[in-house]
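The structure presented is a predicted model; accordingly, all values stated were derived computationally and were not measured.
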Amino acid sequence: MDRSHSIWRIAPLLISLVGLSLAQQSTISSPPAEPLELVRKTVANEIKAAKEDGDRFMFRSTKTTGKGSVTKIYIETKEATVGMVVAYDGKPLTPEQRQAEIERIQRFVKNPAELEKKRRQEQQDTDRTLRIVRALPDAFLYECAGTQPASPGVGRPGDSLVVLKFHPNPRYEPPSRVEQVLTGMQGVVMVDAQSNRLASIDGTLFRDVGFGWGILGHLDKGGHFLVQQQEAVDKYWTISSMKLDITGKVLLVKTLVFKMTEVFSDFKPMPKDITFAQAIDLLTKEESISAENSSAGKIADRGAR
């Protein structure tokens with residue numbers, strides 16, 4: 001996904017956790033007896049799924065911040081993921097906004113170097129994510145806190161989720177500043193043991209955590225994030241929602257405030273060989289349909305009155 005805003009460049013060590021998969025293929029197995037064994041099996045399966053070149057999907061995202069909401073439609077392609085804004089605060093784009101958005105995404109097709117840069121950035125985000133995910137078994141100590149049924153947007157329908165409390169492992173030594181944030185985090189993780197997939201991670205910083213050895217800045221105590229994952233389509237697991245509430249300092253001077261909620265929905269299979277250019281054409285059509293549906297809905301509402 002397009003993660004171009006500054007928080008992803010400044011503090012990927014924490015927020016890269018939201019990229020847990022958008023991956024396919026689950027492995028069915030019986031839940032292990034020990035929490036750590038369950039976490040290790042689940043992490044191994046998440047990494048395997050993330051590395052597989054699976055099916056492509058179209059999906060919708062609505063991100064809400066203090067400035068309002070932005071709705072986008074994304075399509076995964078073999079080159080990179082393309083995303084197009086279709087609404088601001090629930091309102092369709094104006095003709096001028098629509099033209100500007102089309103020109104924005106078409107620049108990647110017109111300039112192969114830009115598209116390659118985007119592809120590399122997405123790969124770097126994935127690599128940082130996998131480093132965090134790989135660290136989960138060693139960075140934390142886990143305690144079983146019961147089970148609960150899967151719910152809409154969390155886990156696979158009908159499955160039981162194992163609830164695990166976690167807190168830092170005092171023996172864990174972060175190999176780099178990417179994993180440093182884990183030393184100040186505690187919370188609850190839910191695992192779909194039937195599928196060996198992460199269904200939810202709810203974490204809170206219980207102390208300030210520096211990044212760049214405290215020279216570049218720090219994240220404040222009390223920072224919170226919630227990432228939920230679901231089986232949206234048969235054997236296709238994806239992030240369903242995420243919530244971030246983080247503050248801190250950058251270069252010990254600039255205040256960092258990042259609060260947002262993002263919800264993903266409407267997953268539709270796409271051809272595996274779909275190109276970036278083809279995806280733009282499809283997104284343009286989808287934006288038109290979305291605008292027409294919105295207009296029709298408003299007319300119907302006025303008629304009902």
Verdict with supporting geometry, Phe225 and Asp245, side-chain contact (heavy atoms from CB on, under 4.5 Å): CA-CA 6 Å; Phe225 73 92; Asp245 188 349; over 6 Å; no

Thr147 vs Leu161, side-chain contact (heavy atoms from CB on, under 4.5 Å): CA-CA, chis, key distance, verdict: CA-CA 5 Å; Thr147 62; Leu161 306 180; over 6 Å; no

Pairs involving residues 138-152, ordered by first then second residue, that meet salt bridge (charged side-chain N to carboxylate O under 4.0 Å, His left out) (sequence neighbours left out): Arg40-Asp138

Under the ring pair (Phe, Tyr, Trp, His ring centres under 6.0 Å) test, residues paired with Phe276 that sit two or more places apart: Phe108

Exercise answer: donor-acceptor pairs, residues 184-193 side-chain atoms, under 3.5 Å, sequence neighbours excluded:
unit_1: Asp192; atom_1: OD1; unit_2: Gln194; atom_2: N; d: 3.3
unit_1: Asp192; atom_1: OD1; unit_2: Ser195; atom_2: N; d: 3.3
unit_1: Asp192; atom_1: OD2; unit_2: Arg156; atom_2: N; d: 3.1

Test side chain to side chain donor-acceptor pair (under 3.5 Å) applied to Glu46 and Gln229, step by step: CA-CA 11 Å; Glu46 288 289 348; Gln229 191 170 230; 3.2 Å; yes

Modelled atom types, side-chain donor and acceptor of Thr71 and Thr62, under 3.5 Å: yes

Ser240 vs Phe264, side-chain contact (heavy atoms from CB on, under 4.5 Å): CA-CA, chis, key distance, verdict: CA-CA 5 Å; Ser240 57; Phe264 303 91; 5.7 Å; no

Under the side-chain hydrogen bond (donor to acceptor under 3.5 Å, both in side chains) test, residues paired with Ser241 that sit two or more places apart: Gln228

Non-neighbouring partners of Glu79 that pass salt bridge (Lys or Arg N to Asp or Glu O under 4.0 Å), sequence neighbours left out: none

Heavy-atom pair with the smallest gap, counting every atom of Pro271 and Arg56: O-CG, 3.4 Å

Pairs flagged by salt bridge (charged side-chain N to carboxylate O under 4.0 Å, His left out) wherever residues 145-154 is involved - sequence neighbours left out: none

Student check: side-chain heavy atoms of Glu122 and Thr81 closer than 4.5 Å: yes

Validation row: Met84, Ile75 side chains within 4.5 angstrom (heavy atoms): no

Co-membership, hydrophobic cluster, residues Leu283 and Leu93, 4.5 Å side-chain: no

Minimum heavy-atom distance between Gly83 and Ile105, given as atom pair plus value: O-CG2, 3.4 Å

Nearest heavy-atom neighbours spanning Tyr172 and Ala139: CG-CA, 3.6 Å

CA sep, side-chain torsions, deciding dist, call: Gln106, Ile280, side-chain contact (heavy atoms from CB on, under 4.5 Å): CA-CA 7 Å; Gln106 282 183 338; Ile280 290 177; 4.1 Å; yes

Min side-chain heavy-atom separation Thr65-Lys259 under 4.5 Å: no

side-chain hydrogen bond (donor to acceptor under 3.5 Å, both in side chains) partners of Glu103, counting only residues at least two apart: Gln99

For Arg98, all residues meeting side-chain hydrogen bond (donor to acceptor under 3.5 Å, both in side chains), sequence neighbours excluded: Glu287, Ser288

Close side-chain approach of Tyr142 to Leu38, heavy-atom, < 4.5 Å: no

Aromatic plane relationship, Tyr74 with Phe59 - under 30° parallel, 30 to 60° tilted, over 60° perpendicular: parallel

Glu76 side chain near Met58 side chain, heavy-atom distance below 4.5 Å: no

Check: Ala135 main-chain N/O paired with Glu179 side-chain donor or acceptor under 3.5 Å: no

Heavy-atom closest contact (Pro137 atom, Leu36 atom, distance): O-CD1, 3.3 Å

Hydrophobic cluster membership, Leu182 vs Leu141, 4.5 Å side-chain cutoff: no

Asp127: salt bridge (Lys or Arg N to Asp or Glu O under 4.0 Å) partners, not counting sequence neighbours: none

Can you give each donor-acceptor pair under 3.5 Å made by side-chain atoms of residues 198-209, sequence neighbours left out, with the distance rounded to 0.1 Å?
unit_1: Asp202; atom_1: OD1; unit_2: His224; atom_2: NE2; d: 2.6
unit_1: Arg207; atom_1: NH2; unit_2: Thr183; atom_2: O; d: 3.3
unit_1: Arg207; atom_1: NH2; unit_2: Thr183; atom_2: OG1; d: 2.8
unit_1: Asp208; atom_1: OD1; unit_2: Lys221; atom_2: N; d: 2.6

Residue pairs involving residues 164-175 (criterion salt bridge (charged side-chain N to carboxylate O under 4.0 Å, His left out); sequence neighbours excluded): none

Contacts of Arg134 that satisfy salt bridge (Lys or Arg N to Asp or Glu O under 4.0 Å) - sequence neighbours left out: none

